[in-house]
**Q** 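First the structure, which I've put down as structure tokens, then a few questions once you've had a look.
Remember, it's 1-based here, ligands and their atoms both numbered in the order they're listed. Just so it is clear, the values below take in all heavy atoms, side chains as well, and ignore hydrogens, waters and symmetry mates.
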Amino acid sequence: MRVGVLTGGGDCPGLNAVIRAVVRKGVSEYGYDFVGFRDGWKGPLEGVTMPLDVAAVRGILPRGGTILGSSRTNPIKIEGGVARIEENLKGLGVDALVAIGGEDTLGVAKALHELGFHVVGVPKTIDNDLNATDYTFGFDTAVGIATEAIDRLHTTAESHHRVLVIEVMGRHAGWIALHSGMAGGANVILIPEVPFDMDQVCAWVDSRFGQSFAPIICVAEGALPSDGDLMTKDATVDAFGHVRLSGIGDWLASEIERRTGKESRAAVLGHIQRGGTPSSFDRVLATRFGLHAIEAVKDGAWGTMVALRGTDIVRVSLSEATATLKTVPLARYEEAMVLFG
Ligand code: F6P
């Protein structure tokens with residue numbers, strides 16, 4: 001059997017660990033050979049490949065990014081896109097695809113599966129917002145990086161008696177903000193799921209200064225004030241209809257300064273959260289996902305995605321995985337709120 005592998009969407013620490021596990025087990029246990037598709041769905045769409053054998057995956061376990069490259073190409077939106085993929089797979093003799101990605105990449109995988117393609121999915125996103133899996137790899141690394149940043153901001157905020165706002169990733173789901181904010185002891189955590197009230201935020205800021213400490217506000221990029229809108233860079237959208245978010249951290253800092261009179265600064269963590277070496281938790285999860293994904297290929301379990309349930313890796317349908325996003329439940333946010341201010 002010849003298996004194609006691709007990584008799509010925003011990159012994420014642990015992608016290389018999945019690729020390595022898929023190839024190593026596929027070669028040694030099942031005698032498969034592999035084709036690496038470049039840059040997400042662009043690879044099969046344009047027939048752009050790279051060699052993918054045991055030699056190609058040596059030494060990549062701890063490396064961030066993806067040796068295959070990534071993109072947000074959506075072949076379903078391109079006229080004749082599906083037919084081109086079919087033709088290219090046929091031409092290359094590829095019998096099955098392992099698609100490693102988030103909601104968008106796996107949404108395409110689901111659509112192709114429904115058209116008869118042999119596809120197995122692996123969930124990836126630092127945002128941890130994919131349904132049907134308890135965790136995605138990349139999340140633990142991102143939370144670790146954001147937590148370290150918060151630890152560092154505490155000392156400079158205290159030295160200068162300033163408010164420090166840290167903006168972390170999370171378009172629709174506030175998992176990174178919630179976990180890093182909690183781990184780093186942020187005094188306010190703001191997430192997309194719960195629009196915030198500026199008066200309340202300022203009251204928390206004041207109460208923190210009342211205890212003679214400087215407040216740290218951890219905000220997800222997709223958070224929004226109850227009487228305002230999402231802050232975007234411009235009006236352009238990507239192939240999956242997503243706007244580029246930007247600006248909530250800076251806006252919050254200046255609004256807090258204006259309302260409370262306390263000097264405020266913002267730090268935007270951005271892609272630092274996505275780059276670099278994966279944590280050991282993510283390496284293990286990514287490796288286990290890879291080992292189980294190639295087993296799903298061997299079993300012909302097309303249209304499934306590997307998922308973490310508790311400590312077990314199970315198979316779920318791509319439809320279940322992509323039906324809705326896994327956002328932060330209100331009760332989880334309220335749990336953290338007890339420590340605000
Ligand atoms: O989808 C993951 C994510 O990290 C989001 O949290 C963020 O909005 C987005 O990627 C930004 O990605 P890029 O800058 O690559 O378009």
**Q** Between Arg274 and Thr141, do the side chains contain an N or O donor and an N or O acceptor separated by less than 3.5 Å?
**A** no

**Q** Any idea which atoms of ligand 1 are less than 4.0 Å away from a heavy-atom of Arg171?
**A** 6 (O), 8 (O), 9 (C)

**Q** Would you call the rings of Tyr32 and Tyr30 parallel, tilted or perpendicular, where under 30° means parallel and over 60° means perpendicular?
**A**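 If you compare the ring of Tyr32 with that of Tyr30, the planes turn out tilted.
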
**Q** Can a salt bridge be assigned to the pair Glu334 and Arg332 using a cut-off of 4.0 Å between side-chain N and carboxylate O?
**A** no

**Q** Within less than 4.0 angstrom of ligand 1, does Gly102 place any heavy atom?
**A**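 Gly102: no contact with ligand 1 (<4.0 Å).
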
**Q** Could you list which atoms of ligand 1 come closer than 4.0 Å to a heavy atom of Ile126?
**A**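 It comes down to these atoms of ligand 1: 4 (O).
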
**Q** Is the closest basic N to carboxylate O distance between Arg258 and Glu255 below 4.0 Å?
**A** yes

**Q** Does ligand 1 have a heavy atom under 4.0 Å from the side chain of His242, from its backbone, from both, or from neither?
**A** neither

**Q** From the options His271, Arg72, Glu103, Met169, select the one whose nearest heavy atom is closest to atom 4 (O) of ligand 1.
**A** Met169

**Q** If the threshold is 4.0 Å, N to carboxylate O, is there a salt bridge linking Arg171 and Glu221?
**A** no

**Q** Please determine whether any non-hydrogen atom of Gln273 lies less than 4.0 Å from an atom of ligand 1.
**A** no

**Q** Atom 8 (O) of ligand 1: which protein heavy atom is closest, and how many Å away?
**A**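 Of every protein heavy atom, Glu221 OE2, 2.6 Å lies nearest to atom 8 (O) of ligand 1.
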
**Q** Does a donor on one side chain and an acceptor on the other come within less than 3.5 Å for Ser70 and Asp11?
**A** no

**Q** Do Asp197 and Ser226 pair up side chain to side chain, a donor and an acceptor below 3.5 Å, judged on atom types alone?
**A**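 Distance-only check fails for Asp197 and Ser226.
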
**Q** Got an N/O contact under 3.5 Å between Arg274 and ligand 1?
**A** yes

**Q** Among Asp238, Asp129, Asp127, Ile176, which residue places a heavy atom closest to atom 6 (O) of ligand 1?
**A** Asp127

